[in-house]
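Reviewing the structure listed below.
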Amino acid sequence: MPNIRHILETRVSAAMAAAYPEAAGAPAIVQASADSRFGDYQANGAMALAKRLGQKPHDVAGRVVEQLKGDAQVSDMADVPPPVGPGFINFRLRPKWIEHRLGEINRVKPEGEGRPSGERPGDEDRLGVEPAAESETVVVDYSAPNLAKEMHVGHLRSTIIGDALVRMLDFAGHRPVKQNHVGDWGTQFGMITAYFDSETRGLDQRTDVIASWQGVHVKDFEELYRRAKRLFDENPKFAAAAREYVVRLQGGDSEIKRRWEHLKYNSLWHCNQVYKRLGVYFANEDFRGESAYNDVLPDIVKTLADKGMLTESEGAQCVFLQSEIRNPKSEMPSGKPLFANKDGDPLPLIVQKSDEGYLYSTTDLAAIAFRTGCLPEIRNPKSQIRNETSPKASRILYVVDARQALHFQMVFECAYQAGFAKRGEHDLVHVAFGTMMDENGRPFKTREGGTVKLMDLLDEAERRARDLVDQKQTDLSRRDPNGPDGQAGLSDEERRDIARKVGIGAVKYADLSQNRTSDYVFSWDKMLSLQGNTAPYMQYAYARVRSIFRKGEHDEAETRRDAAPIPVPEAAEAALGKAILQFPETLDRALADYRPNILAAYLYDLAQAFTAFYDACPVLKSDEPTRTHRLKLCDLTARVMHRGLDLLGIETAERM
RNA sequence: GUCCCCAUAGCUCAAUUGGAUAGAGCGUUGGCCUCCGGAGCCAAAGGUUGGAGGUUCGAAUCCUCCUGGGGACGCCA
């Protein structure tokens with residue numbers, strides 16, 4: 001069964017069309033009520049419709065409500081009072097319906113029983129989430145570290161947000177295709193290989209440290225990169241040499257390529273260590289870096305040239321994007337520049353430098369062509385990417401820093417105009433996020449002003465979380481030496497595991513619970529606080545629910561077998577029940593704007609609804625059948641929390 | 001200079017294609033432990049949503065202007 005919001009949206013929309021045939025297709029605009037006095041859901045579409053029709057909003061809403069009275073599905077589900085205010089249509093869910101629906105989602109299909117198509121094995125506990133009616137292939141381009149450097153905080157947001165979106169898309173029944181577009185190509189590698197070369201090394205006076213190419217490790221590359229970068233900026237002769245190396249690398253020089261592969265191998269190994277700790281998984285085929293597109297870059301430029309989009313400017317090959325809106329008289333492009341530079345002149349998208357090297361614009365265009373499957377102009381039969389299977393995505397998400405907004409605007413526009421993607425068929429989306437700041441509002445750096453390494457950050461997260469866990473365990477054993485659920489205290493190994501889950505979870509949740517578009521203030525104290533919308537609070541709430549089952553010696557598998565209605569007579573029970581039923585529509589809403597914080601906010605509300613329920617309604621101490629009903633509510637709460645946190649990439653612990 | 005993003009309670013943040021009385025946490029004040037994990041619950045105070053206009057039955061949200069902050073803007077990614 002579709003989610004509540006979706007059912008009401010469909011039914012009200014149909015009622016509007018029936019009452020006003022000329023308004024077919026008008027949206028019902030159903031949402032959960034802002035104020036519970038008016039009901040559980042509200043439809044605002046009648047007011048918008050009235051405006052269109054030039055009629056009184058209240059009258060339009062009245063006719064729609066009349067129409068809804070004949071709708072058995074709606075009347076079975078909710079009470080629909082006459083419209084109020086300017087034309088709000090309110091819905092109050094019927095307790096019977098809530099209880100019935102809770103029972104339905106409570107039941108977990110046993111192994112072997114047929115599952116609806118779209119579900120995968122192990123996915124049988126859907127908690128009311130229907131697999132998407134139209135499953136889409138969605139490329140998610142995220143993380144994308146620069147392989148010349150160690151992973152640092154700059155990679156954190158993209159990695160965490162991208163991973164959460166992949167998990168959410170997957171559970172919602174889409175086909176996410178991970179793409180880690182690692183920076184394994186371009187000027188930076190020219191710099192490093194040039195720096196290392198005997199001919200150019202003499203340009204730097206500090207040649208002592210890096211003695212040999214063999215056995216060089218990522219940290220050394222980091223040092224190598226720093227020195228090369230400094231020399232690159234200071235010494236034009238070296239800069240010229242470095243650019244020459246890029247061209248040689250891109251041209252397939254075997255010796256340079258050998259060095260490049262060595263560097264790449266070491267770097268990827270390091271990245272995978274970080275990903276492992278973060279609980280972010282990339283299979284080998286998910287790494288498709290810039291270099292993968294190298295062979296087809298000339299074809300990309302050729303295609304642009306063939307379409308008349310290319311202009312040479314100061315020796316570089318540029319695309320000056322113009323509005324595609326045609327002048328009806330001349331049928332020529334309007335010629336209006338879409339982008340301008342600081343002098344007001346048209347702003348180019350440079351696809352080939354004056355030294356013939358390519359840039360990330362070119363690579364991004366090639367990646368789009370590969371991902372959409374629009375590779376008709378790719379001529380090079382030996383190219384790596386030509387021989388790989390395109391995911392043929394209908395959507396491509398770029399989880400990238402907001403500062404690159406202009407770049408993506410230009411690349412997307414260029415891709416559409418050149419036919420690497422088709423408007424209406426391929427949706428190119430920049431899922432932008434803000435900068436990570438310290439508590440003084442400055443970009444997040446070490447005390448010395450350097451970039452914070454991800455490994456160090458995660459170490460500190462776990463160390464701080466361990467202090468929390470130890471503190472809690474001390475408090476608990478002081479209160480009750482036998483443990484709150486009749487079990488002994490946690491072993492060192494258990495504590496370490498919990499500290500890992502809490503520490504990593506705190507770092508991730510702090511990021512995901514915030515609107516991604518704004519800059520984000522990184523604060524250890526806030527993210528590890530046990531109060532408020534934090535990972536430790538959520539994990540604690542979960543552990544607390546789970547402790548009920550241990551203490552009650554209750555086997556939840558037993559109560560998951562039946563779909564009997566779950567009565568919710570108390571106000572706190574009903575509120576919790578409704579919150580549980582809103583999980584599916586929340587996932588929809590979070591995915592509609594690629595905003596994990598919507599899911600996080602929901603989980604926090606759910607946790608609060610649970611504690612209110614738990615405060616007001618005894619569970620283990622109540623008599624049957626209430627005891628079983630309440631245990632089922634506890635179990636459902638735990639399952640939604642567990643699943644919801646999992647969709648955010650956050651682990652839970654049974655005890656903490 | 002042009003363009004983009006942002007400005008909400010003392011602080012950190014929410015607010016579902018424009019919806020009803022703008023909500024949480026922290027902090028502040030006051031209640032609740034014979035009660036299943038008090039890392040809790042209940043309540044109070046705290047707002048001209050940066051400012052001024054405009055559109056609308058209805059604006060934190062859309063438009064215009066202004067102020068303040070951040071960012072991007074030709075051969076780095």
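In the text below, chain A, chain B and the rest are named by the order of the sequence lines, each starting its count at 1. From a predicted model like this one, the values you see are computed outputs, not experimental measurements.
Residue pairs meeting the salt bridge (charged side-chain N to carboxylate O under 4.0 Å, His left out) criterion with at least one partner in residues 35-47 of chain A, sequence neighbours excluded, are A/Asp35-A/Arg37, A/Asp40-A/Lys578. Each salt bridge (charged side-chain N to carboxylate O under 4.0 Å, His left out) pair with one or both residues in residues 540-549 of chain A, not counting sequence neighbours, appears once here: A/Arg546-A/Glu556, A/Arg546-A/Glu654.
In this model, the phosphate group of B/G38 is approached by a side-chain N or O of A/Arg544 to a distance below 4.0 Å at OP1 or OP2. Look at A/Ser523 and you won't find any side-chain N or O under 4.0 angstrom from OP1 or OP2 of B/C11.
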Next item on the list: Produce a footprint string for nucleotides 69-77 of chain B: one letter per nucleotide, 5' end first; B if the base is under 4.0 Å from any protein heavy atom, S if only the sugar-phosphate is, - if neither.
Entry: --SSBBBSB

Find every protein N or O atom lying less than 3.5 Å from an N or O atom of nucleotides 23-28 of chain B, and list the pairs.
none

Mind listing the N/O atom pairs, protein and nucleotides 44-48 of chain B, below 3.5 Å?
none

Scan nucleotides 59-61 of chain B against the protein and return all N/O pairs shorter than 3.5 Å with their distances rounded to 0.1 Å.
none

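Relative ring orientation between A/His181 and A/Tyr293 is described as tilted, the plane-to-plane angle lying within the 30° to 60° band.
Looking at heavy-atom distances under 4.0 Å, A/Met656 makes contact with a base. A/Cys617 comes within contact range of at least one nucleobase, with a heavy-atom separation under 4.0 Å. Residue A/Ile29 is classed as a base contact, given a heavy-atom separation below 4.0 Å to a base.
On a pure distance criterion of 3.5 Å, no polar donor-acceptor pair joins the side chain of A/Asn597 and the base of B/A15.
Where A/Ser513 and A/Thr611 meet RNA chain B, the nucleotide closest to each residue was compared, and A/Ser513 sits on the side nearer the 5' end.
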